[in-house]
Amino acid sequence: MVDDFPFGKNVVKKEMPSKKILILILLSLVILFSTTFALVFRVLDPLWNPFRLKPEKVLERMVQQAQKIKTSQGKTEFSLKITQNDMKGEYKVGFDWKTDTSQPEKPRSEGKFEISASLLEKRESLKTQFVLSGEAKSLDNTLYLKLEKFPQSIFDFLGFESSEIENQWIKIDQESIIEILKEISPQELVLEMEKTLKEKKGFVFDRELTQKVNQILSGKKIYLIKKELPDEKIGKTKVYHYLISLDNKEITKTILEIFQIITKKENKNSEIFPDLDETLKKELEKKLDEFFQKIGEIEGEIWIGKKDYLPYRISWQKNLNLSNFGENGEASITLKQEVFKFNQPLSIQPPSEFKNLKTIFEKPLQKFKLQNRDLEIINQMWQLRLMADLIYEKDGSFKNLCQNFKLNKKHPFYGTSLAAIENAIRQNQGEEFDLWCYSSNNSYCLLAKLASPERGRYCIDSSGLFGEVGKEQKCLGKGTVVAPYKCPIFQIISPPKPSF
């Protein structure tokens with residue numbers, strides 16, 4: 001019988017792949033696809049991720065995103081430590097701040113601050129401390145300031161009443177500054193400042209100038225990536241972490257560009273800033289290069305959000321050898337800043353109660369005016385010493401300097417000058433005129449009451465003595481060779497030198 005299927009004998013029956021192998025293959029594909037997806041979209045983003053953004057690209061995006069920030073909150077800390085010989089000093093500044101630039105023409109900010117300084121002299125174990133803390137608000141070119149801690153002795157010396165400023169909001173604006181300057185500055189300077197502020201349309205800052213500076217800064221790459229560090233978390237936010245350094249050459253170029261903008265703008269109305277011509281530009285560039293060479297490389301760290309590319313934290317630290325600047329010792333500079341709550345609703349309002357700056361300055365200004373009048377009286381007394389010498393040269397005697405214990409305004413050569421000096425002293429003393437003049441052939445002594453109520457009389461005599469004496473003290477002596485006229489030296493309170 002013939003076999004109808006001769007080839008059927010040679011057929012080898014093949015088994016189908018097992019379900020386990022299929023499952024393993026499928027699972028491997030899923031893992032590979034999922035891992036690739038996670039790496040591409042940086043759900044998983046280890047440093048070896050081939051799809052990971054380059055650090056330079058992250059910094060570029062950070063600069064772009066930072067320009068879109070409208071509101072933010074943060075903390076800033078700065079410290080400077082200096083060690084020289086047997087002295088150690090430390091200066092610290094801390095800010096907790098909030099800022100709102102959603103309306104660029106009406107920026108607002110507020111925060112708490114603390115400034116402290118300390119100086120320790122090791123040999124004498126003497127420590128000097130200074131603390132200034134409080135709150136501040138800036139709204140529409142108006143600053144509100146509240147001091148909580150301040151150096152009492154300094155404020156007392158300036159004439160401020162502690163109760164007037166402690167924990168009190170003080171309003172500082174353009175108008176109050178001008179009003180105070182009118183009290184203590186030449187009229188020409190006040191008019192120039194009023195004109196400048198009017199053209200700038202603001203006291204706190206020049207908006208147009210600020211915008212130009214921001215444009216320059218936004219286009220600059222002043223950071224250099226030194227090392228890519230493992231990613232971290234700040235709160236719940238995943239962040240890139242880089243070791244960076246400042247590009248000193250790029251910073252020099254940026255400073256020159258900003259300075260050029262400032263000089264062009266300010267030179268329209270002021271002679272304070274010189275034109276930045278090529279010669280001055282090269283000189284300034286040389287100085288900046290020398291400065292950065294002395295400082296060396298400045299390294300820091302930066303933390304950038306992985307999703308929003310916003311700068312959440314940045315820190316800088318630099319140790320300096322002061323010998324590079326011609327000094328002995330070392331210095332350490334640290335700057336840290338942390339930013340959070342980007343673009344969240346923020347309400348910054350002026351305080352409900354506050355005092356005007358001029359009100360706060362009323363007593364200090366009064367004291368300042370009296371001190372200036374005191375200095376004027378002292379200077380006028382020294383002018384009288386010069387007049388006494390001239391009279392002695394002319395007459396061979398001091399006798400004609402005085403008449404009836406007053407200045408001799410009838411002197412044939414110097415009467416007019418003596419009258420002018422007396423009138424100036426009278427005006428500076430105010431309501432109560434108090435000027436005494438004692439003179440004889442060989443000696444003289446002059447006394448004039450100072451303007452400040454708490455001060456005494458200022459005395460000057462032919463022997464060279466000068467200084468402040470008691471309110472009721474008079475010249476000693478009888479004008480003889482044995483007992484010449486002289487200041488009551490044993491009553492001298494202080495010997496301030498005149499300032500011409």
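Every value quoted in this text rests on a predicted model; they were computed, and no experiment measured them. Starting from 1, each residue takes its place in the sequence as its number.
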Val339 and Tyr312: CA distance, side-chain angles, deciding distance, side-chain contact (heavy atoms from CB on, under 4.5 Å) verdict | CA-CA 5 Å; Val339 190; Tyr312 282 83; 5.9 Å; no
Taking only Lys NZ, Arg NE, NH1 and NH2, and the carboxylate oxygens of Asp or Glu, determine whether [X] and [Y] approach each other closer than 4.0 Å.
X	Y	answer
Lys286	Glu283	no
Glu135	Lys146	yes
Lys249	Asp289	no
Glu148	Lys112	no

For [X] against [Y], the heavy-atom pair lying closest together:
X	Y	value
Asn321	Gly329	OD1-O, 3.7 Å
Asn248	Gly296	ND2-O, 3.6 Å
Pro453	Leu370	CD-CD1, 3.8 Å
Ile244	Glu301	CG1-N, 4.2 Å
Ser332	Asn319	OG-OD1, 3.2 Å
Thr99	Leu346	O-CD2, 3.5 Å

Take Lys92 and Glu90 through the test side-chain contact (heavy atoms from CB on, under 4.5 Å) and record every step on the way to the result.
-> CA-CA 7 Å; Lys92 290 183 178 181; Glu90 185 173 10; 2.7 Å; yes
Rounded to the nearest 0.5 Å, how far does [atom2] of [Y] lie from [atom1] of [X]?
X	Y	atom1	atom2	value
Trp316	Ile333	CH2	CD1	13.0 Å
Gln67	Met62	CD	CE	10.0 Å
Ile180	Leu365	CD1	CG	6.0 Å
Phe354	Thr359	CZ	OG1	10.5 Å
Leu446	Gln380	CG	CD	12.5 Å
Ile251	Leu256	CD1	CG	12.0 Å

After noting the C-alpha distance and the side-chain angles of Leu447 and Val469, does the key distance pass the side-chain contact (heavy atoms from CB on, under 4.5 Å) rule?
-> CA-CA 9 Å; Leu447 281 168; Val469 302; 3.9 Å; yes
Side chains of [X] and [Y], donor plus acceptor under 3.5 Å:
X	Y	result
Ser452	Asp374	yes
Asp100	Thr71	no
Glu299	Ser245	no
Lys369	Gln366	no
Trp97	Thr76	yes

[X] vs [Y] side-chain heavy atoms within contact, under 4.5 Å:
X	Y	result
Gln349	Arg108	yes
Phe342	Gln65	no
Trp169	Lys137	yes
Lys221	Asp247	no
Ile225	Glu56	yes
Gln73	Gln344	no
Asp173	Ser176	yes
Phe466	Trp382	yes

For the pair [X] (side chain) and [Y] (backbone), establish whether a donor and an acceptor sit closer than 3.5 Å, ignoring hydrogens and angles.
X	Y	value
Asn356	Lys358	no
Asp461	Gly464	yes
Arg457	Ala448	no
Arg373	Ala451	no
Asn328	Gln84	no
Gln337	Gly74	no
Lys171	Glu353	no
Glu468	Gly456	yes

Quick one: do Glu285 and Lys282 satisfy salt bridge (charged side-chain N to carboxylate O under 4.0 Å, His left out)? Show the steps, please.
-> CA-CA 5 Å; Glu285 185 176 5; Lys282 288 181 180 178; over 6 Å; no
What orientation do Trp303 and His241 show, parallel under 30°, tilted 30 to 60°, or perpendicular over 60°?
->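 Rings of Trp303 and His241: parallel, under 30°.
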Mind telling me whether Phe95 and Phe113 have parallel, tilted or perpendicular rings, with 30° and 60° as the class edges?
->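 Rings of Phe113 and Phe95: tilted, 30 to 60°.
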So is Lys306 actually on top of Tyr240's ring, under 6.0 Å and inside 45° of the axis?
->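 Yes, Lys306 and Tyr240 form such a contact.
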Could you walk me through whether Glu297 and Lys226 pass the salt bridge (charged side-chain N to carboxylate O under 4.0 Å, His left out) check?
-> CA-CA 11 Å; Glu297 188 177 51; Lys226 298 288 291 184; 3.0 Å; yes
Does the side-chain contact (heavy atoms from CB on, under 4.5 Å) test come out yes or no for Leu384 and Ile460, once each step is laid out?
-> CA-CA 9 Å; Leu384 288 178; Ile460 198 164; 5.8 Å; no
Is the number of heavy atoms from other residues, nucleotides or ligands within 6.0 Å of NZ (Lys318) greater than 12?
->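 Counting other residues, nucleotides and ligands, NZ of Lys318 exceeds 12 neighbours.
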